[in-house]
Amino acid sequence: MSLTITLPDGSKKSFPGPVSGSEVAQSIGQRLAKDALGIRVDGQLRDLTARIDRDAAVSIVTYKKRDGSVDPDALFLMRHSAAHVMAEAIQRIVPGAQLVYGPPLEDKFYYDIRFPDDRHLRESDFAAIEAEIAGILGENRAFTRYEEARDACLARLKREGNKYKLDNAERALAADPDAKLSFYATGEPGRNWEDLCRGPHVPSTGRIGAVKILSLASSYWHGDENSDRLTRVYGTAFGSQAELDAYIRQREEAAARDHRVIGARLRLFHIDETVGQGLILWTPAGSIVRKELQSFISAELRKQGYTEVFTPHIGRLELYKTSGHFPYYKDKQFTPFLEREDLDRLSSSGCTCAEMVNRVEGVSARLAAGINERTGTQTITPDRILPDDQLLGGFMLRPMNCPHHAKIFGSAPHSYRDMPVRLAEFGTVYRWELSGELNGMTRVRGFTQDDAHLFCTEDQVPAEIQGCLSLVKTVFATLGIKDFRVRVGLRDPDSDKYTGKRESWDKAEQACRDAARSLGVPFSEEPGEAAFYGPKIDFVVKDVIGREWQLGTVQVDYNMADRFDLSYTGPDNRPHRPVVIHRAPFGSMERFCGVLIEHFAGAFPTWLAPEQVRVLPISEKTNEYARTVEDALRAAGVRVSTDLGNDRIQGKIKAATDWKIPYLLIVGPRDAEGRAVSLRVRGVEKDAGSMPLDQFVDRIGREIAERRAELSVLTQ
RNA sequence: GCCACCGUAGCUCAGUGGUAGAGCACACCCUUGGUAAGGGUGAGGUCGCGGGUUCAAGCCCCGCUGGUGGCUCCA
């Protein structure tokens with residue numbers, strides 16, 4: 001039976017019967033056959049040796065594509081193969097190390113390994129492992145795939161005593177009972193190292209160009225912290241040592257753009273261990289950036305009809321019991337603080353700690369009944385209900401702003417005519433993040449959300465979601481942020497854990513989709529990712545190291561108004577439940593500014609720059625004129641300073657350049673004479689010519705007022 | 001929290017058991033120089049904290065603390 005192979009250029013080749021990928025490559029050309037690393041059969045990546053037994057579209061995977069770029073599939077094959085080689089090397093060095101799972105990633109690979117209790121891996125082992133790897137690559141052993149019948153395979157894995165691999169096989173079979181379990185030998189089956197693996201791989205170890213071990217980490221089996229702890233060994237592989245070196249260099253350069261590095265150098269923020277981990281001290285320079293951003297956002301909010309509120313950073317425990325934040329999310333919160341009198345009374349009566357915790361976390365029968373009745377479900381279970389005289393009060397640092405805002409809404413009557421009510425606050429919240437999760441400004445324990453709660457009628461939900469997204473669009477456009485993605489979290493259609501009516505959800509989900517589409521950036525719909533109380537839209541950006549951070553979110557909430565018994569009067573003169581939309585489109589000022597520092601690499605547009613202009617007198621002879629220039633700019637509201645030091649002008653320029661100041665005004669006798677300034681623009685390594693002082697003041701004023709992204713004084 | 005690595009001047013870093021160093025930044029002096037570092041002098045340190053080993057510890061050992069990377073993209 002003959003079969004037809006369609007190649008990427010559309011040409012077809014006929015073969016008398018099943019052929020391997022390498023035979024197809026061979027039939028096209030010697031050179032291609034030599035360079036081939038694998039094949040794609042109808043888009044699916046396979047071994048070069050895989051047999052094709054039906055008509056298919058086939059393309060040969062080589063390291064470099066026609067256009068000279070590296071084929072990601074080739075890197076995938078290479079890294080997956082490198083993971084095997086690394087695992088073999090590690091097992092030689094540490095006998096008894098059990099392999100768990102070793103996939104290729106976007107730019108590296110890892111292998112999760114369970115090491116014997118008495119022999120952990122250290123970075124000092126890397127050199128020996130890399131030497132073993134080099135040896136294996138030099139032997140150029142073929143990756144040899146063979147399949148084994150289900151029962152034989154399971155029996156063999158059991159015999160080998162590696163529960164992790166057995167689990168992998170069982171999971172694969174659970175997903176597809178007809179799946180063929182395959183092994184890959186790095187060389188000859190039975191003689192060389194083997195691993196249960198789905199493949200595919202490069203033809204032989206010699207085809208892996210260069211491998212480097214990057215780092216060690218701890219991980220959990222199946223990502224479950226209650227499960228076995230594993231050691232994760234990260235590495236990467238490239239086609240050549242030069243590319244690997246370039247990758248390492250690029251990682252180092254990215255590290256230099258890290259907001260923590262730039263933030264320290266430009267004195268934008270400070271974290272002090274005595275103040276506490278994950279708590280940001282905004283220094284004067286960073287505070288300017290933040291304040292300017294907040295002013296910008298506030299101005300946009302006013303245009304959209306928001307009203308601003310201020311609320312305190314703490315609230316009574318009862319508030320969070322009502323909202324449901326406590327104790328359900330207690331692991332993510334700072335411990336509540338109790339009143340001194342209560343503590344004294346309890347300690348003198350011999351109260352145990354466990355008992356105290358119970359009394360703090362319990363609720364009164366009255367509160368439980370009220371909430372259960374309003375929400376229509378038993379959200380407060382009987383085991384948490386305690387008699388009033390046993391309950392302990394106290395306060396909590398707030399983990400969210402919504403309870404305070406709900407209370408503001410509830411503090412006055414509302415008519416449908418006044419809806420929606422949009423309460424905005426740059427609200428500071430506190431969350432107990434694991435110490436290992438903390439990261440500069442992007443993961444902290446105290447942060448200020450650009451928060452607002454929109455209390456609206458059900459019909460108003462789509463327009464309000466759209467309003468939130470148009471705000472995001474405006475702000476991102478002004479800042480030139482284009483590289484972000486949007487996640488639309490929808491409900492899992494098979495689950496009934498969600499509150500709110502099905503029709504409401506349908507409408508809100510559609511509104512989220514429509515709004516996301518209107519942004520004109522990629523967005524993904526993710527069923528099952530909605531909160532139990534409503535669908536949501538998240539905005540996600542990448543940092544310089546390639547890590548993703550969620551910035552803002554827009555969430556529809558069908559639950560909160562119930563819990564706080566909020567209502568407005570409808571046209572029928574009866575009370576109605578509002579729908580609440582939580583929205584913090586930029587997430588937190590901390591994370592957002594951290595991302596912005598990296599986005600601009602510290603070179604902020606003029607309106608955001610802590611120091612917008614520095615005046616540099618050529619010598620002391622023009623110090624006085626420099627003061628005149630400084631005064632004129634300051635009077636116009638420009639953030640300006642003057643360098644009166646006794647450096648030469650070259651030195652002053654170097655110093656100012658390090659601070660990434662948008663405009664430098666060099667003033668010497670020539671300028672003083674004609675009330676002019678000699679301009680130097682950030683990023684332009686030369687004298688930008690002279691300009692009348694008044695014109696400069698005028699133009700920079702316009703640039704700042706319009707929040708221009710570009711330094712436009714020369715081009716206006 | 002868990003695993004690995006790291007913590008020396010404000011910053012970047014050197015210092016393999018024997019009297020704490022460099023560059024930049026800072027202060028002062030000389031220099032008054034037209035577009036990315038003129039020259040000199042000086043000040044600045046509980047070497048993250050606590051314990052131990054040693055005649056002697058920044059260095060070796062233990063504990064703590066803080067930072068960094070990572071903690072599934074299901075064979």
Side-chain angles (χ1 to χ4, degrees), chain A residues 76 80 99-106 108-110 112-113 115 120-126 153 157 164-176 179-184 195-199 214-225 227-234 251 255-256 258 260-261 264-267 270-274 276-278 331 432-440 545 547 616-623 645-658 664-671 678-681 684-690:
Chain A
F76 183 93
H80 192 182
L99 303 180
V100 182
Y101 171 53
L105 306 176
E106 201 177 298
K108 50 192 167 191
F109 64 83
Y110 67 80
D112 276 348
I113 299 173
F115 283 94
H120 281 253
L121 208 62
R122 295 170 175 284
E123 283 185 12
S124 50
D125 295 318
F126 286 6
C153 172
L157 290 170
Y164 307 106
K165 284 288 171 186
L166 183 61
D167 175 78
N168 286 343
E170 283 169 349
R171 280 160 167 266
L173 290 169
D176 174 12
K180 290 201 171 139
L181 294 171
S182 57
F183 288 82
Y184 277 80
D195 192 11
L196 172 77
C197 178
R198 177 174 51 182
L214 297 172
S215 63
L216 288 172
S218 131
S219 64
Y220 300 105
W221 194 26
H222 300 157
D224 173 4
E225 61 183 297
S227 189
D228 294 4
R229 272 188 260 281
L230 310 170
T231 300
R232 176 166 298 181
V233 190
Y234 278 92
R251 272 164 49 113
D258 191 302
R260 290 162 298 191
V261 174
R265 204 170 60 222
L266 300 186
R267 302 266 148 84
H270 175 64
I271 298 171
D272 191 286
E273 65 175 272
T274 310
Q277 294 180 278
D331 291 347
W432 186 260
E433 302 287 354
L434 292 179
S435 61
E437 297 265 18
L438 298 174
N439 189 281
I545 308 179
R547 288 179 297 208
L616 312 178
I618 293 283
S619 77
E620 282 174 18
K621 290 174 186 160
T622 41
N623 276 1
N646 58 2
D647 270 334
R648 297 198 310 165
I649 195 65
Q650 288 85 341
K652 292 182 182 182
I653 288 170
K654 169 67 167 73
T657 303
D658 287 346
L664 306 183
L665 301 182
I666 287 103
V667 294
R670 290 209 298 266
D671 308 284
S678 290
L679 192 58
R680 198 179 160 104
V681 181
V684 182
E685 289 186 20
K686 60 174 197 229
D687 182 351
S690 171

S.K.: Considering non-hydrogen atoms only, spot the tightest contact between Leu230(A) and Tyr220(A) and give its length.
M.R.: CD1-C, 4.2 Å
S.K.: Please confirm whether the backbone N or O of Cys197(A) pairs with a side-chain atom of Ser182(A), one donor and one acceptor, at under 3.5 Å?
M.R.: yes
S.K.: Looking at Ser435(A), I'd like to know whether one of its side-chain N or O atoms comes within less than 4.0 Å of OP1 or OP2 on G1(B).
M.R.: yes
S.K.: Ignoring backbone atoms, test whether Arg547(A) places a side-chain nitrogen or oxygen under 4.0 Å from the OP1 or OP2 oxygen of G69(B).
M.R.: yes
S.K.: Taking for each residue the nucleotide of RNA chain B with the nearest heavy atom, is it Lys686(A) or Asp224(A) whose nucleotide lies nearer the 5' end?
M.R.: Lys686(A)
S.K.: List the residues meeting side chain to side chain donor-acceptor pair (under 3.5 Å) with Asn623(A), not counting sequence neighbours, and say none if there are none.
M.R.: none
S.K.: If you check the Glu123(A) side chain, which of C73(B), A4(B), C74(B) turns out closest?
M.R.: A4(B)
S.K.: Is the phosphate of G70(B), meaning OP1 or OP2, less than 4.0 Å from a side-chain N or O of Tyr220(A)?
M.R.: no
S.K.: For Asp228(A), give me all partners under side chain to side chain donor-acceptor pair (under 3.5 Å), at least two apart in sequence or on another chain.
M.R.: Lys163(A), Tyr164(A)
S.K.: Dot-bracket for RNA chain B, please. Rules: Watson-Crick or G-U, both distances under 3.5 Å, ( ) within the strand, [ ] when a pair crosses earlier ones, | for another strand, . otherwise.
M.R.: (((((((..((((....[..)))).(((((.......))))).....(((((..]....))))))))))))....
S.K.: Give a yes/no answer on whether the side chain of Arg232(A) brings an N or O atom under 4.0 Å of OP1 or OP2 in C3(B).
M.R.: no
S.K.: Between protein and nucleotides 23-33 of chain B, map the contacts as a letter string: B base, S sugar-phosphate only, - none, heavy atoms under 4.0 Å, written 5' to 3'.
M.R.: -------BBBB
S.K.: List in chain and number order the residues that pass salt bridge (Lys or Arg N to Asp or Glu O under 4.0 Å) with Asp112(A), two or more places apart in sequence or in another chain; answer none if no residue qualifies.
M.R.: Arg232(A)
S.K.: Ignoring backbone atoms, test whether Arg260(A) places a side-chain nitrogen or oxygen under 4.0 Å from the OP1 or OP2 oxygen of U68(B).
M.R.: yes
S.K.: Under the salt bridge (Lys or Arg N to Asp or Glu O under 4.0 Å) rule, collect the residues that match up with Lys108(A), sequence neighbours excluded.
M.R.: none
S.K.: Using heavy atoms to find the nearest nucleotide of RNA chain B for Val100(A) and Ala688(A) separately, return the residue whose nucleotide is more 5′.
M.R.: Ala688(A)
